[in-house]
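Reviewing the structure listed below.
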Amino acid sequence: MTIQSGTASALLAWYDAHARELPWRAQPGAALPDPYRVWLSEVMLQQTTVAAVKPYFEKFTERWPDVFALAAAPDEDIMAAWAGLGYYSRARNLVKCARAVAELGSFPETEAELLKLPGLGAYTAAAIASIAFGQRAVVVDANVERVVSRLFAIEQPLPGSRKQIRIDAASITPEQRAGDFAQAMMDLGSGICTTRDPKCLLCPLIAGCKAQKTGDPARLPVKPVKKAKPVRQGTTFWIEHDGKVWLETREGTGMLGGMRSLPDDGWHSGGDGDRKAPHAAKWQDAGVVRHTFTHFSLELSVKRGLAESTEINRSGEWWPIDQIESAGLPTLFAKAARLVLAQD
DNA sequence: GATGCGTGGAA
DNA sequence: TTTCCAAGCAT
């Protein structure tokens, strides 16, 4: 037995005994899982923890049991259901992808065809091809990068080491059970070969791990230093009339694009807002929301005011305040709404 | 290849 | 409290 096939068989044996039970996985020994559920879970799991995904996955699959149901749903319903999960381009692409697949009639089964779908990159295409369709594909996510960096003691920092990581990951990926192998690598990275304080004594791959032999596997992979996040100032406006609040839908594909929100003063990642209200009213301070995004922090002043009529000279809709939870506000604006409503 | 893009939990 | 980050993708 070669070292490479020994790695895969040791990992698969460990997986057979210790695999996490997750809602999108087939039962052990069962047929391959539903591609729709695999796709949906993989998109939700992009840069997102299992714990955060679980309730969203349950909600989506209950409401939209297959790709045709999802493809037929209005954009706004899907965007609202995604609210709070973050990285909203995923939801925008989810809609496009569902409709493309519905048009095709089913999910394509090869990595190359999957890669053409909106929102599917190298990782997700390989994951679906292997997990849902049983094809051999080299699945490389952050867990695999960490495990492989340690197994092979790759000293070059990310992201420059990605080419070598892929070569080494390919060298241990088996022809059979590639999907289980991928999920095993991710379970291993999640529970054993963790970023901090790896549990090497529980690791099924300890015998072949070069970094473990050096005594400090947690040092790998070497990552670049992160930039400091600027702090931006912004203002948002709670405009109330007859038990309803004025909501808008954000344009474009940028920050929070496609999501409902309170009107604001144009703050963005590169600069502060202009503090100008979208509508004439007597404004009252409701407080400040602090929220940290991927690349900047925001101090959002919340102003509240009453509209004298339902006429607002811009695009939007009046939303019943007692149903604000169903509006699908991203967390930033949900925080602002909570701030206002806590005062009543 | 670098940058923009959310969120909530862990340490 | 602050930092770091978790199953990436699009441009």
Side-chain angles (χ1 to χ4, degrees), chain A residues 20 22-25 37-57 79 82-94 96-97 114-128 130-132 137-147 157-163 169 179 181-191 193-197 218 221 223-232 250 252-259 261 268-270 289-298 300 328-335:
Chain A
R20 286 179 291 180
L22 299 172
W24 44 86
R25 286 186 176 170
R37 294 167 67 88
V38 173
W39 162 71
L40 182 62
S41 67
E42 289 299 341
V43 173
M44 288 182 166
L45 285 162
Q46 290 166 4
Q47 299 284 283
T48 308
T49 58
V50 166
V53 165
K54 276 183 178 174
Y56 283 85
F57 180 82
M79 300 305 290
W82 195 277
L85 198 55
Y87 285 137
Y88 298 102
S89 67
R90 294 183 297 170
R92 297 192 298 270
N93 284 327
L94 192 81
K96 290 185 197 168
C97 186
L114 287 161
L115 194 53
K116 296 177 183 174
L117 294 170
L120 274 62
Y123 162 75
T124 307
I128 297 173
S130 63
I131 296 170
V138 179
V139 179
V140 181
D141 74 327
N143 286 303
V144 175
E145 286 181 350
R146 185 167 58 255
V147 172
L158 287 168
S161 57
R162 293 230 160 94
K163 196 171 198 174
F181 177 80
Q183 293 178 92
M185 288 287 276
M186 294 189 276
D187 279 14
L188 190 75
S190 171
C193 196
T194 48
T195 304
R196 288 171 285 209
D197 190 26
K223 294 182 180 179
V225 291
K226 299 213 161 106
K227 289 181 184 173
K229 295 179 182 185
V231 179
R232 304 300 184 197
R250 302 174 75 85
T253 58
M255 168 89 53
L256 308 180
M259 301 301 291
S261 75
H268 57 105
S269 62
V289 167
R290 288 182 173 77
H291 191 78
T292 299
F293 294 101
T294 309
H295 52 303
F296 71 104
S297 295
L298 179 67
L300 186 68
L329 296 177
T331 299
L332 170 68
F333 292 104
K335 284 182 182 176

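Keep in mind that the numbers below use all heavy atoms, side chains included, and drop hydrogens, waters and symmetry copies. Each chain gets a letter, A, B and so on, in the order the sequences are listed, and its residues count up from 1.
- Between the CZ atom of A:Arg232 and the P atom of B:dG4 there is a distance of 10 Å, given to the nearest Å.
- To the nearest angstrom, C1' of B:dG4 lies 11 Å from NZ of A:Lys227.
- Heavy atoms of A:Ala122 sit under 4.0 angstrom from primed sugar atoms or phosphate atoms, though from no base atom.
- Contacts of A:Arg37 classified as salt bridge (Lys or Arg N to Asp or Glu O under 4.0 Å), with partners at least two apart in sequence or in another chain: none.
- Atom CG of A:Leu158 and atom P of C:dC5 are 11 Å apart (whole Å).
- Nucleic acid contact class of A:Arg20 (heavy atoms, under 4.0 Å, all strands): base.
- Note on A:Thr124: only backbone sugar-phosphate atoms sit closer than 4.0 angstrom, heavy atoms only; bases stay farther off.
- Regarding A:Leu298, its CG atom lies at a distance of 16 Å from the P atom of B:dG4, rounded to whole Å.
- For C:dC5, the OP1/OP2 oxygens have a side-chain nitrogen or oxygen of A:Lys226 closer than 4.0 Å.
- Between A:Gln183 and A:Leu117, the residue whose closest nucleotide on DNA chain C is further toward the 5' end is A:Gln183.
- A:Tyr56 meets the ring-ring contact (aromatic ring centres under 6.0 Å, His included) test with no other residue; sequence neighbours excluded.
- One interatomic measurement links the two molecules: CH2 of A:Trp39 to P of C:dG8, which rounds to 17 Å at whole-angstrom precision.
- Note: CZ (A:Arg162) to C1' (C:dC9) measures 12 Å, nearest angstrom.
- Side-chain contact, A:Arg90 with A:Gln46: no donor N or O sits under 3.5 Å from an acceptor N or O.
- Distance, A:Leu120 CG to C:dT11 P: 14 Å, rounded to whole Å.
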### Per-nucleotide protein contact string for nucleotides 6-11 of chain B, where B marks a base within reach and S marks sugar-phosphate only (heavy atoms under 4.0 Å, - for neither)
BBS---
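- The CD-P distance, from A:Glu145 to C:dG8, rounds to 9 Å in whole Å.
- Every residue was checked against the salt bridge (Lys or Arg N to Asp or Glu O under 4.0 Å) condition with A:Lys163, not counting sequence neighbours, and none meets it.
- For the P atom pair drawn from C:dT11 and B:dG6, the interatomic distance equals 14 Å after rounding to whole Å.
- Remark: A:Phe296 engages A:Phe293 in a ring-ring contact (aromatic ring centres under 6.0 Å, His included) (not counting sequence neighbours).
- The residue A:Trp24 sits close to a base: some heavy atom pair falls under 4.0 Å.
- One finds the CD1 atom of A:Ile128 at 8.5 Å from the OH atom of A:Tyr123 (value rounded to the nearest 0.5 Å).
- Toward the 5' end of DNA chain C, the nearer of the two residues A:Leu115 and A:Asp187, judged by each one's closest nucleotide, is A:Asp187.
- Remark: A:His295 is in phosphate contact with B:dC5, judged by side-chain N or O atoms under 4.0 Å from OP1 or OP2.
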### Task
Using the side chain to side chain contact (heavy atoms under 4.5 Å, CB included) rule, take A:Val50 and A:Ser190 through it: C-alpha gap first, then chi angles, then the decisive distance, then the call.
CA-CA 10 Å; A:Val50 166; A:Ser190 171; 6.0 Å; no
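- In this structure, A:Glu42 has no salt bridge (Lys or Arg N to Asp or Glu O under 4.0 Å) partners at least two apart in sequence or on a different chain.
- Base engagement by A:Val50 is indicated by at least one non-hydrogen atom pair under 4.0 Å involving a base atom.
- One finds no side-chain N or O of A:Thr253 lying less than 4.0 angstrom from the OP1 or OP2 phosphate oxygen of C:dA10.
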